[in-house]
Each structure stands twice: as C-alpha cells, then as structure tokens.
Amino acid sequence: MTHTFSVHVYYEDTDLAGIVYYANYLKFVERARTEWVRDMGVDQVALKQNEGVVFAVRRVEADYLSPAKFDDELTVETRVDAMTGARIVLTQDVKRAEEILFSAVVTIVAITQTGHPARLPAIIRRNLH
C-alpha cells in the first residue's frame, strides 16, 4: 500500500538558486507521514491524550538524487517496509512526475510522553496488517 501526498514548492522552500533547500525535504516527508496517519483514521492529539503515545523519528537515511525547484509540483510516496511492536520502517520518495528526487528510509517509534518505548497503537497495527 502506497500513500501519496502532494507538495507545491514555494519560494520559501528554496535557496538563492531557486533549488529546494536540503532540509526542507525532511519537512515534506514529515507532512506526508502526518497525512498518512490521519488517512488511517488516527487522531494523534487524541492518541496522546487518551493513550499517552506519540511518534518519534528514530533514524533517517536520506539520498538526494536530483534537485526540486521553485514552483515544482511534487508527490511524496510513503510505503511501509517493516513493522515490529514498537516501530515502523518506511520508505518515502519525493517525486516530480515519475522522477525520484529524494528518497529516505525513516524509522518511526512509538514512545510514551516521558520518552519510553511504547507498543504501536492497535489502530495502526490493524491498518498495516
């Protein structure tokens, strides 16, 4: 299952050359993950309030393959590679049409509000199996 999320590149996303600043790709994939979770029917604010569980990025391995530029229309594709009781490993590709510009393997973990490991919420486990 692949989740897609659209991103329009604004002037504020670019450097003086009109190329997307490298750190902004991490913002693009973060937004895509937030929408992916929302599209699964998960209210992260309620999850935090009711179960005391939040998500944190544990690891990112990123490849910058080709630059995105001002006014590009991009798509972020998110796919699950692996899942355990407390973590999810995702591949997230930022594409312009069919060209992959940026690719990341992102490990997300469930933690308590005090930073201790937590089991992935049941709604997430159900949606990903």
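Note on Tyr22: it clusters hydrophobically with Val106, by side-chain heavy-atom contacts below 4.5 Å among ILVMFWY residues. Leu65 and Val9 are members of different hydrophobic clusters when ILVMFWY side chains are connected at heavy-atom separations under 4.5 Å. Linking Ile, Leu, Val, Met, Phe, Trp and Tyr residues whenever their side-chain heavy atoms come within less than 4.5 Å leaves Val105 and Phe102 in two separate clusters. Cluster annotation: Ile88 and Leu47 are assigned to the same hydrophobic cluster (Ile/Leu/Val/Met/Phe/Trp/Tyr, side-chain heavy-atom contacts under 4.5 Å, transitive). Taking hydrophobic clusters as Ile, Leu, Val, Met, Phe, Trp and Tyr residues chained together by side-chain heavy-atom distances below 4.5 Å, Ile19 does not share a cluster with Val7.
Side-chain contacts under 4.5 Å among hydrophobic residues (ILVMFWY), followed directly or transitively, place Val109 together with Val54, Ile111.
When the options Phe28, Tyr25, Phe70 are evaluated for a side chain to side chain contact (heavy atoms under 4.5 Å, CB included) with Asp13, the one that passes is Phe28. Applying the side chain to side chain contact (heavy atoms under 4.5 Å, CB included) test between Val57 and each of Leu26, Ile108, Val29, Thr107 identifies Ile108 as the sole match.
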Report task. Show your working on side chain to side chain contact (heavy atoms under 4.5 Å, CB included) between Leu90 and Trp36 and close with a plain yes or no. Result -> CA-CA 11 Å; Leu90 305 166; Trp36 170 65; 3.7 Å; yes
Query raised in the report: Which is it for Glu30 and Lys27 under the salt bridge (charged side-chain N to carboxylate O under 4.0 Å, His left out) test, yes or no, and what are the steps along the way?
Result: CA-CA 5 Å; Glu30 176 69 36; Lys27 292 179 181 182; over 6 Å; no
**Report entry** side chain to side chain contact (heavy atoms under 4.5 Å, CB included) evaluation trace for Phe5 with Asp39
**Finding:** CA-CA 11 Å; Phe5 174 74; Asp39 288 350; over 6 Å; no
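Partners of Arg59 by salt bridge (Lys or Arg N to Asp or Glu O under 4.0 Å), not counting sequence neighbours, listed by chain and number: Glu61. Residues satisfying the side chain to side chain contact (heavy atoms under 4.5 Å, CB included) criterion with Tyr21, sequence neighbours excluded, are Ala23, Asn24. Listed by chain and number, the residues in a salt bridge (Lys or Arg N to Asp or Glu O under 4.0 Å) with Arg38 are Glu35 (sequence neighbours excluded). Residues that satisfy the salt bridge (Lys or Arg N to Asp or Glu O under 4.0 Å) test with Glu51, not counting sequence neighbours, are absent from this structure. Residues meeting the side chain to side chain donor-acceptor pair (under 3.5 Å) test with Ser103, sequence neighbours left out: Asp93. Remark: Asp15 engages no residue in a side chain to side chain donor-acceptor pair (under 3.5 Å) (not counting sequence neighbours). Residues satisfying the side chain to side chain donor-acceptor pair (under 3.5 Å) test with Asp81, not counting sequence neighbours, are Thr91. Among residues two or more places apart in sequence or in another chain, the side chain to side chain donor-acceptor pair (under 3.5 Å) test is passed with Arg31 by none.
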Cut-off 3.5 Å, no hydrogens considered: what does the side-chain donor-acceptor table look like for residues 71-78, sequence neighbours left out?
from, atom 1, to, atom 2, distance (Å)
Asp71, OD1, His8, NE2, 2.8
Asp72, OD2, Lys69, N, 2.8
Asp72, OD2, Arg96, NH1, 2.6
Glu73, OE1, His8, ND1, 2.5
Glu77, OE2, Lys95, NZ, 3.4
Thr78, OG1, Gln92, NE2, 3.0

Would you be so kind as to tabulate the donor-acceptor pairs closer than 3.5 Å made by side chains of residues 114-123, with sequence neighbours excluded?
from, atom 1, to, atom 2, distance (Å)
Thr114, OG1, Thr112, OG1, 2.9
Thr114, OG1, His116, ND1, 2.9

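Applying the salt bridge (charged side-chain N to carboxylate O under 4.0 Å, His left out) test to residues at least two apart or on different chains, none of the pairs has a partner in residues 120-129.
Residues Met40 and Asn127 come closest through the heavy atom pair O-ND2, 3.1 Å.
Within 6.0 Å of OH in Tyr10 there are 12 or fewer heavy atoms belonging to other residues, nucleotides or ligands.
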